Every structure is written in C-alpha cells, then in structure tokens.
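In what follows, a structure is listed as structure tokens, so that the remarks can point back to it.
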There are 2 protein chains.
Amino acid sequence: MIKSHINNLQSKGFRITSARSAIINLLESTPHPITANSIHKLLKKVGTDVNITTVYREIEFLLSQKIINKIQLFDTELHYEMADRTHHHHIVCTDCKAIEDLKIDSEKDLLDEVCSDTRYKISTHSLTFYGVCPACK
Amino acid sequence: MIKSHINNLQSKGFRITSARSAIINLLESTPHPITANSIHKLLKKVGTDVNITTVYREIEFLLSQKIINKIQLFDTELHYEMADRTHHHHIVCTDCKAIEDLKIDSEKDLLDEVCSDTRYKISTHSLTFYGVCPACK
DNA sequence: GTATTAATGCAACTTACTTGCATTATAATC
DNA sequence: GATTATAATGCAAGTAAGTTGCATTAATAC
Ligand SMILES: [Mn+2]
Ligand SMILES: [Mn+2]
Ligand SMILES: [Zn+2]
Ligand SMILES: [Zn+2]
C-alpha cells in the first residue's frame, strides 16, 4: 500500500491545513502545469478561499518537500505540477496557451550526447515545444 | 560582401543612434546570452551611458527586427543573443551561472519524433541543460 | 540651417512574487 | 475537553523586472 502525500507529510510532523490538502488535491487532478494564480482561483471555486500569499508559501513548501516541480515556460508566470509523474516534457499552444504533456522516446540519445560532449556534471534539463494545437490550427 | 546589421537598419530607414550601435556591437562580441541589466552595465563601462529604459526599448526593437533572440532560462531575468548564429542550445552552470552554447547533433531525431507524435504545428522549441561546469566541480 | 519625427530620459505604473508581523489554528500533551 | 507550542495565515508593505506617458533631444532628409 502506497502512502499519500498527505499521510507522508503528517508522519513527518507537518500540519495538514485545508490549503495544503486542497492544493495537493488540485495539482493531483490537474493533468498539466498551472500557475499560482490559477491555483488561487481554482481553490476559491472549490470553496477553499485562501490568501494568494498562502498559495505562494504553500508552493514554496511543496517544492522544498519535492512534492511538486517548478516549470518555467515562455511566460511571465511560473507553472507547477506534481513531481511524482514519470519524466516528460511539454508542448504549448502559442494560440490558446494550452499546455500538454509530452513523452519523448529519443530523449536518451540526446542526454547521452550532451553528457559525453560537455565536461559538465548535468543535473537537470528543460525541453519545451511551442506551436499551434490541432484545435487552433 | 555581406551587409552589417547597422547598414541594413539604415537602409530600412531606421536611425543609427549610439545606443543602437553600441548594443549591437556588444551582443555581437558576447558569446553567450546576456540580460538587459548586463547590457546596461556593460554599455556604461564602454562609455555609452544610456538609460535602462532605452536598453529595454532597444531590445524590443532588435527583437521586432529579428536581429536578436529572447532566451528564457531558469532565472528571473530574460537573456538575449544575436539571432544570426547557427541553431544551438545552452548549458548553464547552476553554481557560477555561466552560460555556454551547445550544439546538439541528435536534435533532428527529437524534432522528427515530436512532429510525428503530436498534431501540433510546431514553430519553436527550447532546450537547456543545467549542471556544474568543469571549473566549479 | 530647418523641419520632421524617431529615439530618449525621467517618473510613474504594472505584475509576479516576497517579507514582516500580528493573529489564528493544528495537533501534541495534559 | 482544555492547555500549550508553534506552524500556518492574512494583510500590508516591499522588491525586482519590465512597461508606459509625456515632454525633450537628436538623427536624418531636404
Ligand atoms: Mn506535465
Ligand atoms: Mn547562445
Ligand atoms: Zn491551441
Ligand atoms: Zn560554474
């Protein structure tokens, strides 16, 4: 039996507030990265009307616990998604701004090439595609 | 004989100001993307003490003329580099913040895969590696 | 040299996010 | 269930990067 994030946090001694569980639930049920502002608005819709500062602070906390990942797109706002999903990247519609997950098979070759070509100790990478989605074409 | 950016802009009827030519010269001689703030400081050092607003406006102009590219790294500030360099990506040292160009041969396979896997009309992509550079290891 | 208007400087504004501090609420202990 | 310690919260103020309005300056055409 796998432990939920909430149970995990609780057993680590962190308090389970309504904001905390609502944000985790929201991100778990959202299949694409979302911004602090969207989190704030969506929480309000669900009846968890928490201050935007609390949203930012909770994001900081969930990042520190490695429960979520920060995603920098070609946008003014940062996006966040659950960290326990399998490694993937994103494709963004420049028209309707939709963000979709993207699994890339040939990625390994790329990483191998960069690792052998540079003298860097590579820790992460970011790969995002931009274009027009089927609906907007 | 190939026309310089300055000559090109002049023949298109744009004025050649000291800020304009200094920024083009600076970006041409900088082998990595730099921020508006760095441009501002470096211009001052060279004796072209222009207002930061002018730097931002000149960046807008050079972007609109497709003379420079905007680069979004995992950072609070945007970076810019000359657009006439051959297609490449970047590797960033998470320690000393150095940014280096990165040419990737296996990139074509990646693009082909994404093009055939998605129904998107892809226009651009962004690919950046993060790690520790040889000097910082 | 004069005229036209692109480019500039400065101040004020905006947006995304952060910080300080007084208050509230979670959860452990009694 | 009440008491307590302190994590989490709300609100106001602050910050940093970038933008905008407007009066002034300067590049180029004539
Ligand atoms: Mn995703
Ligand atoms: Mn480059
Ligand atoms: Zn779309
Ligand atoms: Zn380094």
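Note that these values count all heavy atoms, side chains included, but never hydrogens, waters or copies made by symmetry. These figures come from a predicted structure and were not determined experimentally.
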Nearest 0.5 Å, what's the OG1-CD1 distance between A/T30 and A/I39? 8.0 Å

B/R15 side chain: which of C/dT18, D/dA26, D/dG18 is closest? D/dA26

Any N or O donor-acceptor pair linking the side chain of B/R57 to the base of D/dT19 at under 3.5 Å? no

May I ask you to verify if any side-chain N or O of A/N51 is less than 4.0 angstrom from the OP1 or OP2 atom of D/dC11? yes

Spatial distance of atom CD1 (B/I6) from atom CZ (B/F14) [nearest 0.5 Å]: 12.5 Å

Grab the CG-P distance between A/L73 and C/dA16 for me, whole Å please. 14 Å

For D/dA27 and B/T17 - does any side-chain N or O of the residue sit under 4.0 Å from the phosphate oxygens OP1/OP2? no

To the nearest 0.5 angstrom, please state how far the NZ atom of B/K45 sits from the CG atom of B/L43. 11.5 Å

Are any of A/T76's side-chain N or O atoms less than 4.0 Å away from OP1 or OP2 of C/dT15? no

Between C/dC17 atom P and A/H79 atom NE2, what is the distance in whole Å? 10 Å

Would you say a side-chain N or O of B/T53 is under 4.0 Å from OP1 or OP2 of D/dT19? no

Rounded to whole angstroms, how far apart are CD1 on A/I59 and P on D/dA8? 15 Å

Value in whole Å for how far the P atom of C/dA7 lies from CD of B/E58: 7 Å

When rounded to whole Å, the NZ to P distance for the pair A/K70 and C/dA16 reads 16 Å

Distance, rounded to the nearest Å, where B/I52 contributes CD1 and C/dA7 contributes P: 18 Å

Can you tell me if NZ on B/K41 sees more than 12 non-hydrogen neighbours from other groups inside 6.0 Å? no

Rounded to the nearest 0.5 Å, what separates atom OH in A/Y130 from atom NE2 in A/H90? 10.5 Å

Contact nearer the 5' end of DNA chain C, comparing A/I16 with A/N37: A/N37

Tell me which of A/F61 and B/A36 sits closer to the 5' end of DNA chain D, going by the nucleotide each one is nearest to. A/F61

CD1 of A/I23 versus P of D/dT9: gap in Å, rounded? 8 Å

Just to be sure I understand the rule, does A/L78 reach a base, reach only the sugar-phosphate, or reach nothing, if contact means heavy atoms closer than 4.0 Å? sugar-phosphate

For A/L9 and C/dT26, give me the distance from atom CG to atom P, rounded to whole Å. 16 Å

Look at the side-chain N and O atoms of A/Y56 and state whether any lies under 4.0 Å from the OP1 or OP2 oxygen of C/dT18. no

On the nucleotide C/dT26, are OP1 or OP2 found under 4.0 Å from the side-chain N or O atoms that A/Q10 carries? no

